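Comments concern the structure below.
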Amino acid sequence: MREEISDMSEDDETGERARWAPDLSKNRSDDSDSGPGPPIGDSPPPFSDQVLENVLENVLEFLTSRRDRNAASAVCRSWYRAEAQTRRELFIGNCYAVAPHRAVERFQSIKSVVLKGKPRFADFNLVPFGWGAQFEPWVKSFGAAYQHLERICLKRMSVTDKDLTIIAESFPLFKDLTLICCEGFSTLGLAVIAERCRHLRVLDLIEDYLEDEDDEVVDWISRFPETTTSLESLVFDCVTCPFNFDALERLVARSPSLQRLRVNHHVALEQLRRLMARAPQLTHLGTGTFRSEVGFGEVDPNLDLVSAFGASRSLVCLSGFREIEPEFLPAIYPVCANLTSLNFSFANLTAEELNPVIRQCHNLQTFWVLDSVGDEGLRAVAESCRDLRELRVFPLDPTEDSDSSVSDIGLQFISEGCRKLRSILYFCQRMTNAAVVAMSKNCPDLVVFRLCIMGRHLPDRITGEPMDAGFRAIVMNCKKLTRLSVSGLLTDKAFEYIGCYGKLIRTLSVAFAGDSDGGLRYVLEGCTRLQKLEIRDSPFGDASLISGLPFYYNMRFLWMSSCNLSMRGCKEVARNKPNLVVEVIRDVVEEEEEEIEAVEKLYLYRSLAGARTDVPAFVKIL
Amino acid sequence: MEGEAPRLLDLIPKDRDWVGKGVCKVKNGIEEKLELRLGLPGEENEKEEKQSAKSAFSLSFSENVSKRTFLGSVVTNEGKGTERKASGAPPVAHGTRTINSSIANNSSQTITSNAPVVGWPPIRSFRKNLASSSNSKSPLETRDEGPVNGNKADSDKKGCFVKINMDGIPIGRKIDLKAYGDYDELSSAVDQLFRGLLAAQRDPLVNEKSGGENNQEIKGLLDGSGEYTLVYEDEEGDRVLVGDVPWKMFISTAKRLRVLKTSDLSVSSINTVSRKRAATDC
């Protein structure tokens, strides 16, 4: 279902990456995928070397992993050149880690770009609006350099309609636009893409925020060319503006390759039926509003809906289900057994309503659900979905003191039933160490463990102890763990365990945890593979920040907000590490010019580009 | 929604400790002293500013400080000292505090709860507001009422159908709010809609008002004088009495209607009203 998103967040491939201090004078950075090669512009090699280089290029064409490519580029000058010429995908994990012109100078034949911008906590409103991550300088550089660019995938970037227009105008072979958690564009830009990208195969808009005024909404769906299209994927559930449904129906009818379709909430069941009739070959379907548009008892679309699903033999992934009327759920029974991915995370269902559906989903590997199903609902999941790899349980009422009906009991059920679990995101109000320990033992394949106990500083609900023991078990027993989010009452001990056992952890999220500087220190010193560390509201101060100095060049970024940091400590870091960009972000820009000693938000990241030039007033680069 | 708070609150027993916008400013001496505050004792008006949900820094500190001591000193944005100790109240996450005005601004009635922290729990905006039956679109986006031709899916343009349920009647109905011009028309439409059903449900032997063997008129929906009262759920999932906002505003914010027994009103609304989310949590 959201394979794209999962891939994006766990973007670093497994591979050996030992701790080392990069030789930054030769401009090596993992984010920009540069190898530590020699400067470009040396004399061409003699003839025999030329032959070797050609052979090498042919071989390197097959090398796709960017880790391997980085390694290859480090061998020698000619390998560096050959690798640069044969790289087809450019991955930039932090758009400020390298300047666009530099990337474009080194890699000249790029067909696919993946670019990430804002830190993840921007999703939760911790990064003020206007912070940065504009796509504009990038699209302009790409537009000038990469005629053969086919794919652009952006995450947490600020993208304008003008940028979209540049895409449409610059890349005649453009095929794939994927925008995840982006903002700044509107239906106007989408219309340009639809109209001018004649070879478009994928238009995936995932969790974006569109700018739209009521009177300026453009019916972009109508702008696709009237001929047969090569569309394979059209995802627009986050585009909340209304659109011309008839145009969509016609578009689907003339897109024989369409496999993935996710519509927005303006599509109700009657219309869904029509779309499905046009595209029985769909593999991924995102329903709109899962209710009848007309009043009760007037039209019964149920029968047709059942046959519509019955005819969709290829469906493996279902999502949407907004404003669900559960009486229509039985319509999906025909496809349940084939489903590998099911997203009920917008469906307010009880355990009773979930049960008959989930009992049939034996092949489910990915399941997203709301906690409205309760521990009982999770028991049904555990009993039915033995092959489950990824589970996400979201809160129906995402406030701290809501009545969540999932708890340690549900987690225990899942751990006992879904032994192959690799990834879990679990929101709850109450948890016990015992359940977390059980999961660590029953699900040794866990790669991602994200537990969010919504009440801050909550201890084990039965023993009253901190949650240290649970997370200790996780890092000890789950030997493949690369991503961890912690919550609940945690002392420095928890971080000691994480630093001691969490040797593969690349991404760590910490909130309202720890006692003292020691906690952060344990993590920085112990987690040798750490790439992304985001911390909020925890009592870590300057001393702990400075203790991480030897390690920051090995990380993509560090985010710390509402901790114990001061300008003194941050300045020392900036002074000590010239290739780190140290940003201090304030929420409110005071009129007075005097510097405030306390640091609200710190965002530091390694970079070849130095201090960026597009800083807003509330960001200070030290 | 300005005028509703007092009305609904009048029906809620005081011992439930509900606090609404109007009541927020009224504190008795004891409550004031037990209140968790962010400023130094006595700095009453600073609390209002600081407790705005945006200022996560100071809010979270008042939480953390009460649990463990920090090394080093911390200075808040405004340069004032953070209170080092919570004044009296036990430092558990479920401790209650009075609502601050910035939250109460958005609600007609609120529940005593922790002051919300920005970005916590870590849920993206479009996943909020699922508890109500309203659309779960992000509050950052404007309402989708743009005119697009020839599309039946333009529910906002063509009609505004909302569900309406009545206490005691298992089957709900849908009505088009845009079909009525004012509250009186709505009230009589509701009466028409449910009169027959209600009569069928009722034990014919129990006859409070005269009305013959046939249907009894459902009256007094808007002013609390009748057996039933009309209530609606807004975009944020709160239950609000019908009748206090201008009609046009009502149409655009009402997501669902309910006809509740007037006598049940206080109990049911306490049990079922959804909690307020912070204004800046969007």
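As the structure is a computational prediction, the values presented were derived from the model and not from experiment. Order of the sequence lines sets the chain letters (A, B, ...), proteins ahead of strands, with each chain counted from 1.
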Kindly give the heavy-atom pair with the smallest separation between [X] and [Y], and that separation in Å.
| X | Y | result |
| --- | --- | --- |
| Phe346(A) | Leu130(B) | CD2-CD2, 3.8 Å |
| Pro121(B) | Pro398(A) | CD-O, 3.2 Å |
| Val117(B) | Phe512(A) | CG1-CZ, 4.1 Å |
| Gly119(B) | Arg536(A) | O-NH1, 3.1 Å |

Criterion side-chain contact (heavy atoms from CB on, under 4.5 Å) on Tyr209(A) and Ser125(B), from CA distance to verdict: CA-CA 10 Å; Tyr209(A) 293 122; Ser125(B) 309; 3.5 Å; yes
Verdict with reasoning, Trp120(B) to Asp537(A), per side-chain contact (heavy atoms from CB on, under 4.5 Å): CA-CA 11 Å; Trp120(B) 187 263; Asp537(A) 295 276; over 6 Å; no
Interatomic distance, Arg127(B) atom CZ to Glu207(A) atom CD [nearest 0.5 angstrom]: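 Nearest 0.5 Å value for the CZ-CD distance: 6.5 Å.
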Checking [X] against chain B: side chain, backbone, both or neither under 4.5 Å from a heavy atom?
| X | answer |
| --- | --- |
| Ile453(A) | backbone |
| Ser345(A) | both |
| Phe121(A) | neither |

Side-chain heavy atoms of Ile123(B) within contact of Pro395(A), under 4.5 Å: yes
